[in-house]
Amino acid sequence: MLDYLAQALTPLNVLFALGGVAAGTVIGSIPGLTATMAVAVLVPITFAMDPASALILLGAIYTGAIYGGAYAAILLNTPGTPSAIATTFDGYPMAKRGDGDLAVSIACLSSLIGGLVGAAALLLLAPPLARAALAFGPVEYFWLAVFGLSLISALSTGNVIKGLIGASFGLLLATIGISETSAQVRFTFGSNTLLGGIEIVSALIGLYCIPVLMDLVATSDRHLSKPEATRGFRLPEAVSALMRNKVNVIRSSVIGTLVGALPGAGGSIAGLVAYSEARRSGKGAERYGEGNPGGIVATESANNATVGGGFIPTLVLGIPGTPPDAVILGALLVQGVRTGPALFADGSSIVYTFVFGLFLATLLMLPVGLLIGRFAYGAIVQAPKMALVPVVAFMTVIGAFAIRNSLSDVGIMIVLGVIGWTVQRRGFDVSPIVLGLILGSIAEKGFVQGWTIGDAMGNVWGQFFGRPLAQVIIVLAILSAAYPAFPWARRLIAQRRDPGPATAPPPRAGETAPPRARLADALALSVFGAVAIVVIVQARGLNADAAVFPRTVAWAMLAFVALAAIRLVVLKRAARPAPARGRARTAIVPVAMLGAVALIPAVGFLVGGVALALVLMAAAYHRDGEGGRAIVSVAGVVAVVIGVTLAFRELLAVPLPGGTLF
Amino acid sequence: MFRRTLAAIALALAAAPATAQDFPSGAVSYVIPFGPGGESDITARFQQPHFKELFGEDLVISYKPGGGGAVGWSQLNTMPADGTAIMGINLPHIIVKPMQGNVGFQTDDIVPVHMFHYTPDAIVVRADSDYQTLDDLISDAKENPRQVTFSGSGKGTANHIAQLRFDEMAGIDTTYVSFDGTGSSTTANLGGQVKAQWGYTTVGAAQGDEVRLLAVAMDERHPAFPDVPTFKELGYDLVSGAYRGIAVPKDTSEDMRAEVADAIQQINDQEAFRQTMLDNGFALTDISYGEEMDAFMAQKADEYLEAARAGGVIE
């Protein structure tokens, strides 16, 4: 064993691990640049390398990228990778109140622990865990997705029905395009743009990031409150936050490892499940979803544990646990390493060298991650708005493009961003939509496959409810869904016992909403209702396999819309967003971005990008803001746009459209 | 408009008198219309180092996944037609998909220049399965109609069409459960969620002793599995699988098409490449641009479409 450790620790390998973690962290922090892509680009380079070094480099990049996803989640409310979705729930509120630096340090420490637990499981428990993962059948994946969806009850603050409508909408969005299990074309309305479906990462960016940008330009308020003095890494505070979450971090790391070991689940589900469990068992005074460090601890330790966990099925079964694993698996095959059952049995040195390399990379993540995190925080907090907005907007465009090399995905991202901004103002959170979108395809596949198998065996009910593992997940999902009602139930019981001076419910600010707000809510509900009806009508033309899931969801959505409508009419309550400010500026963001998408095929990515940046700089310019440095900002932003475009084209080999002008 | 102008310029350039060595004239972009890690990607990765070694130019692999390949193929003809861009193609996908609805391309839009290998269909069972031979499976299926469940990769795919054709040939009625790739289909089989898998010889190569192949859909036995009979030996005329090749945009000149085909064939001729492919369970095919390709495509189209129609995959 020590021999393998020594092999992993050659100076060259340490250098690869260090460089890999740093590069990965930067890549992961850019929304749209995923670990999968970073690893895929590097594969040809590793052909010329010794297999062990190649693996260490790829593993280090992967580890870094999963951690780097936390930065954008915390500082921009935009998960840099899907794994970091749940990091936004508490990370962004922390950043908003000026604790972004602390949040980043907590994320780093949590990622470190999660990464170590995952790697330890890979080293010590890989073969038995891989066997155990096989017990997960289609039905269990279906219930796991339902478990993830149960978080809706917590995410939709105040209005669960609106959360359910949003989640149904997300589930329906996930069915657009060619169905994976039935091969039928669904809900594309004849458009080739929608054929490939809605790409999840770009949709995430759209739903989370674009509303933030639209609100940013509207006013001259700072994006994040700025600390008076530099406060270093705030490590002691981060460590004590972690100590308060001892159980949480261990539980989340174990959840991350186990979910990572399920081929077909992945980091996003691991983070959501860990978050959900942390919230359910959280006893502290701080509420989850409002800036509780425990939320970051849970998500970040879980998603980094999936790195080690995901390699378990990849190396033991030859079946990749996550998309980046799939790329690494390909690289291994080219190197002549045969993964699969024999690899561990032979005690092959390369596996152990790789696992030690993964430990090394995870440990290096602490100094590297803290330093880069400090820089990212500083950059975002210090940046004047008129630099921040165009750079972030440009990054979302280039990132969304690079995922599938598709401009259509960029267009879809922007449209979803506008939808997200609009429905948010009517009291629909975007998180349930995102959950539906991410979990939709897993839920649908599991449902249709489980149904097909159960039907063939003549026992559909037993297939879905009779399997012990499924029953465990169902119970957990119910607990998680019902959790928000716990305090209410407890209060009810307490009141019965002690009918003393009960705490009166907090007076609601104005029970009835003005007619205009109610009308707007009614309009939003009718749009969602119309979506459901269109799906039901269109589903009639599909075969049974393709139709069953969207039709069921659409009927449920229609029921939720009806409930919400009754609530609106009877209670006369409606969402009352803060009055919109700077409407024209707000509208410029999506319009300019769509304009850039239209322009890019003709003038090329670079020119389109620079034009977009300039327009958004003007939109984000406020005289009472940080004027004076405008010239510096313009030069800086244009330089960033050009630099990033060149880096994508030359270093990452992304085929950005050239057009006639570069 | 701009695109059309560009295409015209590209066409003019491509029409310039071809010299012996037009391809590759620089780095070549190789677009895989699937995500990374699948067999299209892995075989492209196997080709990559040989391409560099033979021609001294980079083969740059990128991915354009979506719609089971449809997103990539619907954009094939917008790529430069000057030999700097090639795209991976798969059968039966490019034949069956356009018949399933509007998927943004027609089979005729695609110009296949070389089909370089295929993964033969195979029935895979777990090592501890009761099915020792194909006959065991068939007799179980006859006694228990529909209850023999197969996992397989996708609908209207090689696995699915093989299942439909084999059910017909053997006079049985089995249930096909569609998964979203060979990886998850294999997981389901290994985990005992289904009784067997319509998979490929590559599954046998990757899983080793954990699985047993009952039969392979090849003309002759696969060198990596000398003990596994072919369906033909057992009396079922089933030779099928997922064929993979290279296509170019349709504006590409005839000379260039031939040169691309020739380059791919040269990689196929490398002993080291052949060995890697066979070790991983693939089977090589050397079908190049020209009459040979036309005949191959016509024959496969007949086979696939007939089975897909019979099985209700297309109308």
Side-chain angles (χ1 to χ4, degrees), chain A residues 36 39-40 43-44 47 133-138 177-178 180-185 188 190 192 195-197 199 263-264 313 317-320 323 325-327 329-331 333-334 336 338-342 404-406 441 445 448-449 452-453 455-458 545 601-602 653-655 659-660, chain B residues 1-3 6 29 31 35-38 41-42 45-46 48-49 58 60-68 70-71 74 96-97 100-104 146-149 154-157 175-180 183-184 186-188 190-194 206-210 276 279-280 312-313:
Chain A
T36 315
V39 174
V43 164
F47 290 161
L134 290 177
F136 254 70
I178 297 182
E180 284 180 54
T181 40
S182 66
Q184 266 213 315
V185 182
T188 61
N192 286 352
L195 212 53
E199 201 286 318
L317 305 174
I319 294 166
D325 291 338
V327 184
L329 180 66
L333 289 176
V334 177
R338 299 293 296 283
T339 56
R404 296 201 294 199
N405 301 325
S406 154
S441 83
K445 278 182 274 185
V448 174
Q449 289 157 358
T452 313
I453 294 173
D455 190 42
M457 299 297 160
D545 279 357
V654 177
T660 43
Chain B
M1 190 60 213
F2 271 104
R3 191 171 284 165
L6 273 185
S29 160
V31 181
D41 178 37
I42 288 170
R45 295 290 184 189
F46 286 152
Q48 208 174 19
D58 282 319
V60 183
I61 295 174
S62 62
Y63 309 97
K64 212 179 213 358
V71 169
S74 64
V96 175
K97 279 204 173 291
Q100 290 177 307
N102 174 19
V103 292
R146 295 191 60 228
Q147 295 208 5
V148 173
T149 47
K155 284 243 167 120
T157 55
T175 299
Y176 179 86
V177 188
S178 159
F179 285 79
D180 61 347
S184 48
T186 305
T187 315
L190 289 177
Q193 315 295 340
V194 288
Q207 296 302 325
D209 294 340
E210 299 288 310
T276 313
D279 286 347
N280 283 284
V313 175

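In what follows, every chain begins at residue 1, and chains take the letters A, B, ... in the order their sequences are listed.
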* Side chain, backbone, both or neither: which part of Thr452(A) has a heavy atom under 4.5 Å from chain B? -> both

* To do: State which residues pass side-chain contact (heavy atoms from CB on, under 4.5 Å) with Asp545(A); sequence neighbours excluded, sorted by chain then number.
  => Ser182(A), Val448(A), Asn543(A), Lys155(B)

* **Test log, rule side-chain contact (heavy atoms from CB on, under 4.5 Å), inputs Val185(A) and Lys97(B)** => CA-CA 10 Å; Val185(A) 182; Lys97(B) 279 204 173 291; over 6 Å; no

* Which region of Leu195(A), side chain (C-beta onward) or backbone (N, CA, C, O), has a non-hydrogen atom less than 4.5 Å from a non-hydrogen atom of chain B, or is it both or neither? -> both

* To do: Measure distances from Val60(B) to the heavy atoms of chain A and classify the residue's part below 4.5 Å as side chain, backbone, both or neither.
  => side chain

* Distance-minimising heavy-atom pair for Thr175(B) and Ala456(A) -> OG1-CB, 3.4 Å

* **Heavy-atom proximity to chain A below 4.5 Å, by part of Gln48(B)** => side chain

* Matching residue for Gln449(A) among Val194(B), Val177(B), Asp180(B), Thr149(B) - test: side-chain contact (heavy atoms from CB on, under 4.5 Å) -> Val177(B)

* Structure fact -> Heavy atoms of Ala135(A) and Gln193(B) approach each other most closely as O-NE2, 3.4 Å

* Structure fact -> Under 4.5 Å to a heavy atom of chain B? For Pro263(A) that would be side chain

* Side-chain contact test, heavy atoms from C-beta onward, threshold under 4.5 Å: evaluate it for Asn405(A) versus Ser62(B) and give yes or no. => yes

* Give, as side chain, backbone, both or neither, the part of Thr187(B) having an atom under 4.5 angstrom from any heavy atom of chain A. => both

* Contact origin within Asp279(B) toward chain A - heavy atom pairs under 4.5 Å -> both

* Do any N or O atoms from the side chain of Gln184(A) and from the backbone of Gln100(B) form a donor-acceptor pair under 3.5 angstrom? -> no

* Identify the two heavy atoms, one from Ala70(B) and one from Ile178(A), that lie closest to each other, and give their separation to 0.1 Å. => CB-CD1, 3.7 Å

* Could you give the distance from OG1 (Thr186(B)) to CG (Leu317(A)), rounded to the nearest 0.5 Å? -> 10.0 Å

* Which pair of heavy atoms, one from Gln147(B) and one from Met457(A), lies closest together, and at what distance? -> O-CE, 3.2 Å

* Asked: Between Leu134(A) and chain B, which part of the residue has a heavy atom less than 4.5 Å away: side chain, backbone, both or neither?
  -> both

